[in-house]
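Everything below concerns the one structure shown next.
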Amino acid sequence: MRLLAIESSCDETSAAIIEDSSVRSVVISSQIKIHAEYGGVVPELATREHLANLQPVVREALVQAGFAASELNAICATQGPGLPPALMIGWKAAQSMAFALKVPMIGVNHVEAHLYSPWFQGDPPRAYWEGFQPNISLVISGGHTLLAQVNHPLDHAIIGSTQDDAAGECFDKCAKLLRLGYPGGPIMDRLATQGNPEAYTFARPMLNQDNHDFSFSGLKTSVRYFLEKHPELVEDDVALPDLCASIQAAIVEVLVKKTIRVARRQRLGCITLSGGVACNTGLRKAFQQACEKHELNLQVAPLNLCTDNAAMVGLLGERYLQKAIPTNNWQADIRPSWRLTEPA
Ligand code: KG4
Ligand code: ZN
């Protein structure tokens, strides 16, 4: 089984070739520099970039894998959730190829692809479904923050989610208040390694509430009020790393404690992490320590599969095919608001 996967839900144009559960090639064209000037993703610009980059990215993925398009057995693409015009570019290209090649067309949920990416390991990555353990899965990205209980591959239930901002959005918005550039998450991460996480105290929203939900907009607001009172700190080279470390510590503590709590309560011995925020050094370290303490297995998506990429889309798409889950026909539309609780 050889398939092409396409991802274009936000600001990366990506294509991957998957063969027998292994990634043969993955190409990612990032638009970060284009959107940095505006401090966030501009849908119109993202769409133009996808349009310009998709064909070269798909061609490069085929060249790197050493296959011709005619050798593909299936095509899959992110069908949702995401920015509608951005999704449309990848989806329509995938549909056209599937139609021309007369091969099955699979629509993959982007968040579900993140959710299972901790089971895609190695260099090149391959899917280790045989090593799967029932788990509590934390998906933390720029657009989503959720906790799921995963019983088997493709059998999961959402047990908690953010009530407002996603964790990555909180990193990015706080970084913007600190005038750090976009996306702020990785910049904050780097500065935080040089700072003191106890220098300032910020709210830990919903930490003590007996549920599995999160809220990050209050933390962002408390950072804003604090900086309105102390505007000089943004220019202060000593205070800046401390501020980054303190904000990061607040986000990380809530994520770690609530995830560990539910894993213990559900008596599940494994926690998985995925999504762009799972790249965060402080978060990885805090989860490692907490999981060791509570004797839980920690399975984290590889760094290069945490942020958006087509490899995770293809490896999950292949699973759909293996399980004979009905694949979308060539006329199906994008699903910009596709929730994980809705069927494929
Ligand atoms: O998964 P992703 O590429 O896109 C979405 O599906 O949203 O995640 C992007 C998010 C951004 O908010 C970015 O700031 C955050 O992941 N991120 C990080 C780090 N690397 C990426 N946040 C904190 N620390 C990092 N090292
Ligand atoms: Zn994503």
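Ligands are counted one by one from 1 in listed order, and the atoms in each one are counted from 1 as well.
- Under the 4.0 angstrom criterion for non-hydrogen atoms, H144 is not in contact with ligand 1.
- Atom 19 (C) of ligand 1 has its nearest heavy-atom neighbour, among G184, G276, C306, in G276.
- Against a heavy-atom cut-off of under 4.0 Å, G143 is close to the following atoms of ligand 1: 7 (O).
- Remark: ligand 1 and N280 share an N or O pair separated by less than 3.5 Å (distance only, no angle test).
- Judged by the shortest distance from any of its heavy atoms, P186 lies inside the 4.0 Å radius around the atoms of ligand 1.
- Backbone and side-chain nitrogen or oxygen atoms of P183 are examined, and none is located within less than 3.5 angstrom of a nitrogen or oxygen of ligand 1.
- Nearest protein heavy-atom neighbour of atom 3 (O) of ligand 1: D308 N, 3.1 Å.
- Listed by atom number, the atoms of ligand 1 under 4.0 Å from G185 heavy atoms are 14 (O), 18 (C), 19 (C), 22 (N), 23 (C), 24 (N), 25 (C).
- For the pair G168 and ligand 1, the shortest N or O to N or O distance falls below 3.5 Å.
- Summarising the local packing, CZ of R48 is surrounded by 12 or fewer heavy atoms from other residues, nucleotides or ligands at distances under 6.0 Å.
- Per-residue contacts place C279 under 4.0 angstrom from the following atoms of ligand 1 (heavy atoms of the residue considered): 20 (N), 26 (N).
- Proximity of H114 to ligand 1, defined as any heavy-atom pair under 4.0 Å, is confined to the side chain (atoms from C-beta onward).
- The closest approach of D308 to the Zn ion (ligand 2), by N/O/S atoms, is made by OD1.
- Side-chain contact check for E12 and S30: at least one donor-acceptor pair (N or O, by modelled atom type) lies under 3.5 Å.
- Which parts of ligand 1 touch T307 is read off a 4.0 Å heavy-atom cut-off, strictly below it: atoms 3 (O).
- The single protein non-hydrogen atom nearest to atom 7 (O) of ligand 1 is G142 N, 2.8 Å, given as residue, atom name and distance.
- A donor-acceptor contact under 3.5 angstrom links the side chains of H114 and D308, judged on distance only.
- Within the coordination shell of the Zn ion (ligand 2), defined by N, O or S atoms under 2.8 Å, H144 is absent.
- Summarising the local packing, CZ of R265 is surrounded by more than 12 heavy atoms from other residues, nucleotides or ligands at distances under 6.0 Å.
- Note on H110: counted as a metal contact of the Zn ion (ligand 2), an N/O/S atom lying under 2.8 Å.
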Kindly determine whether F132 and W119 satisfy ring pair (Phe, Tyr, Trp, His ring centres under 6.0 Å), including the steps that lead there. CA-CA 7 Å; F132 179 87; W119 304 101; 5.0 Å; yes

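- Taking only non-hydrogen atoms, the option from V277, I251, D172, D189 nearest to atom 13 (C) of ligand 1 is D172.
- Looking at E12 next to ligand 1, no N or O pair under 3.5 Å apart turns up.
- Between the side chains of Q266 and Q149, at least one donor N or O sits under 3.5 Å from an acceptor N or O.
- Side-chain polar atoms of Q55 and R59 form a donor-acceptor pair below 3.5 angstrom.
- The existence of a salt bridge linking E169 and K220 is excluded, since no basic side-chain nitrogen approaches an acidic carboxylate oxygen closer than 4.0 Å.
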Determine, step by step, whether E292 and Q288 satisfy the side-chain hydrogen bond (donor to acceptor under 3.5 Å, both in side chains) criterion, reporting the C-alpha distance in whole Å, the side-chain angles of both residues, the deciding distance to 0.1 Å, and the verdict. CA-CA 6 Å; E292 266 169 35; Q288 246 155 26; over 6 Å; no

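- Listed by first and then second residue, the ring-ring contact (aromatic ring centres under 6.0 Å, His included) pairs that reach into residues 177-202 are Y200-F226, F202-F226, sequence neighbours excluded.
- Side-chain atoms of E112 and Y320 form a donor-acceptor pair, as typed in the model, at a separation below 3.5 Å.
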